[in-house]
Amino acid sequence: MADCLLQIEDLDVSFDVEGETVLGVRGVSFDVSAHEVVAVVGESGSGKTVTAMSVLGLLPHNAKVSGSVHLLGQEVGRLNPAQLRQLRRSSVGMIFQDPVAALNPVFSVGFQLGQVVRLHHHDLSREQVRQRVVELLDLVEIDQPETRLKNYPHEFSGGQCQRIVIAMAIAGWGQPTSGDGSDPAEPAGQPRLLIADEPTTALDVTVQAEILSVLRRIKDRLGASVLLITHNMGVVADLADRVVVMRAGEVVEINDCAKLFAQPEADYTKALLAAVPKIGASATAAPPALETRPTVPIPPPDGPDPASPAPTDRIAPTSPTIPADRRTDPMAPASPPPALEVTDLVVSYGRGKRGRTEAVASVSLSVQAGEIVGLVGESGSGKTTLGRAAVGLAPISGGRVLIEGQDLAGLSRSRRQELRRRVGVVFQNPATSLNPRYSVGATVTEPLRVLGGLAPPEAQGRAVELLRAVGLGPDWLDRYPHELSGGQRQRVAIARAVALDPVLLIADEPTSALDVSVQAQVLDVFRSLQARLGFACLFISHDLAVVDSLCGRVAVMHQGRLVEVGPRQAVLQRPRHPYTRRLVESAPIPDPVRQRARRVAPADPADRTDPTRDHSVSS
Amino acid sequence: MARPAPAQRTRRSGGQRLRRDWTFVGPAVLIGLLLVVALVPGFFAGLFGHGDPRVCDLYSSQLGPSAGHPFGFDLQGCDVWANVIYGTQSSIAVGLMATAISGVIAVVLGTLAGFNGGWADWLISRLTEVFLGFPFLLAAIVVLNSIGQRTVFTVAAVLGLFGWPTMARLVRASVRQVRSLDYVLAARTMGLGVWRIVTRYVLANGLTPVLILATISIGTVIVAESSLTYLGVGLAPPAISWGLQIADGSRYFQTAPHMIVFPSLFLSLTVLSIIMLGEALRAAFDPKRLQ
């Protein structure tokens, strides 16, 4: 008990949603010892956030809780609100997923941190509070903390905001090794718990790597325990000592981190690990889908519909009902023109000299017929804009976009519309990319009827074929998008995109909103469809591992420019451009041993954290 | 990540939830009844007595409720019950017509402004602001005063022509919001026509809040019509309306209160149930509750 910081025993949480009882978590038991990092992993809806919230007593009012949560020897459920607050502020800190939303935009960062500090140490003078805030910012490795105190959250990047959120989470804990004697500092080694709920999910990989190392250093310096909630196995491998795997509200496996990755015990863990795409894994061996599911009475949040046939049913590469001459362009000689050719493309937004920003600056890229090209980059690199420009949805201010050798810009409105039909698009968020008023059938048949000119019964038949090709049976035709899970929606979106047998498919992060196991299935569907229909594809993603498993060539974008293009293996195994190298090195590997080895010999990401800087706080 | 429940959540649609909600069912039943009354006033007017609002007998002037005449008689000795029943027709007709007129204008202009943006948006937005800057009732009074013949149609047309700006703003905002969603983008990349995108994608998904506002505006229009009629610029005597009855009755409130109480009661009940209905609809289709 002495070294046991957090003890959860047989925790049951259920929610009362408009008179119906919905199960949150069931029979969850695990503990967190001092100085330990315990990761709770699971896919969305597995109950990991509910578990964390019950530790802090932050569940919504409609929650019914049974079982016990002991935090620092105190039963959380028995505390009154004041005691709970006292416990939270003195020894628990919480880090949220979206750092920008977690900070109040109308107050300066220094003021917000100062408020928290003052809350815990009423007797500090203004100057002492300021000092403490500077110390905190320094602790989370923000450069020049004195001058940045007055800045507002929007003046920081996402990664910096997350550092500030971390600083805020630990602001209430006494000073670590303070030189200032006036502070009522708790003795060193006071048990404390940091709860991090998906702390890096909203961040780019390079920033994620920095935040993870900040977290690790803070934990070491303050001697805190961390309860890490994540779905990212790479993050787990990087940080965790022990791992709790959750599924559908229940704990599936609790294991040592190294052991979990080396010899997972539960079937679900094995399937989960297999579904995680890895850089360097052979592209031909597709990860097995999560077919073997443990017998849990709760229906899975997502997964293949047992009633629907496997996605290996045949579909004619070119349906007879679609005019066959679409492929034969009048001016196509022996070698067909590339499906997509972008030359010196410039896309800029804003007007005037000052407000003009170039989202895409002079990019040239081509996608040959039948080829999958991965377009990789972090948020704001212009990859989505490039994809949009390819279908004429972005203002082109310079350069040309050719689809099958034809320039979108030089065509009449009707020809342009026609050319667009040869390009399918799959969007990132399946929740918003389907018209909520259309049934699945209407969604898939619409392009066939309206643009392909098929009669309703023929369109219906073809839609059934297409849905079968993406692994959904004909009984899905009458469902509406809100009745589908994320993975199922994305399948429908893919079926719609390939309905007119496009020459080019632009897939904009089609799997990044999905859980790993679902992602693996959707990628399988995608791969087999591409093999059968032979469309060219521009696959936009931030996930190097996904790109590695799918694409033949990879293009890397950084700040609107293409920094490297080449065959997949060359770019990902032997990156030439420093930015690509950094990107590859930041991607967390779902393997604790390799991750640790990489951490020992770090290739320092030089431009954001100064390697020469001394991080020690005690002056 | 904040999804609390792993189990399959049964999401009830707004429509399903409405059917269990008495704040919706109550007003809906009442309005249904009033609509029937407006369609076949003769049947309801004849329930108790002769039921003809234009058969008057000056001997009965201002007499209170009696057998066969549950609401009594007005100044001219006409049956108040029959008048109130027939008044339902014109009030509801004005409310529906004016709202339909302003709704059509609002949807057309709001969609043009919201979907296209650019100069059309600028022009329509300024036009909306000009109309909004004009007091609704004042404008209606000025225009109605200059019209010679004031019938149900002219009153409804005038109220409709001045009532669209608020709704147009809502349409514009709603269209703008839906326009940038992925599924509209997807429709555009597919090469679908603009008409199809606007009707099947944008309006189909963006019109719910507008319909709710329109419901509430029926109530407002009925009140406006009564006010205008009371002021003498609304419907004129050959027409039968609650506003006219209230105007007549107001002078004899102390001696014969039944002349003003019954039409007022009907007016308030109608408007109240329409507005309650609108509120119930709004609550049921609130995006926060639909999450």
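Throughout, a chain's letter reflects where its sequence line sits, starting with A, and its residues are numbered from 1. Since this is a predicted model, take the numbers as computed values, not measurements. No hydrogens, no waters, no symmetry mates; every other heavy atom, side chains included, goes into these values.
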Against chain B, work out which of A/Pro436, A/Gly424, A/Gly42 has the most heavy-atom pairs shorter than 4.5 Å and name it.
A/Pro436

Below 4.0 angstrom, N of the basic side chain to O of the carboxylate: do A/Arg496 and A/Glu446 qualify?
no

Taking side chain as everything from C-beta outward and backbone as N, CA, C, O, which of these in A/Leu451 sits under 4.5 Å from a heavy atom of chain B? Side chain, backbone, both or neither.
side chain

Within a radius of less than 6.0 Å around CZ of B/Arg179, do more than 12 heavy atoms belonging to other residues, nucleotides or ligands occur?
yes

A/Val391 portion near chain B, given a 4.5 angstrom heavy-atom threshold:
side chain

Aromatic ring proximity, centroids under 6.0 angstrom, B/Tyr201 and A/Tyr438
yes

For the OG1 atom of A/Thr432 and the CG atom of A/Asn429, what is their distance to the nearest 0.5 Å?
4.0 Å

Chain A contact via B/Arg200 - which portion, at a heavy-atom distance below 4.5 Å
both

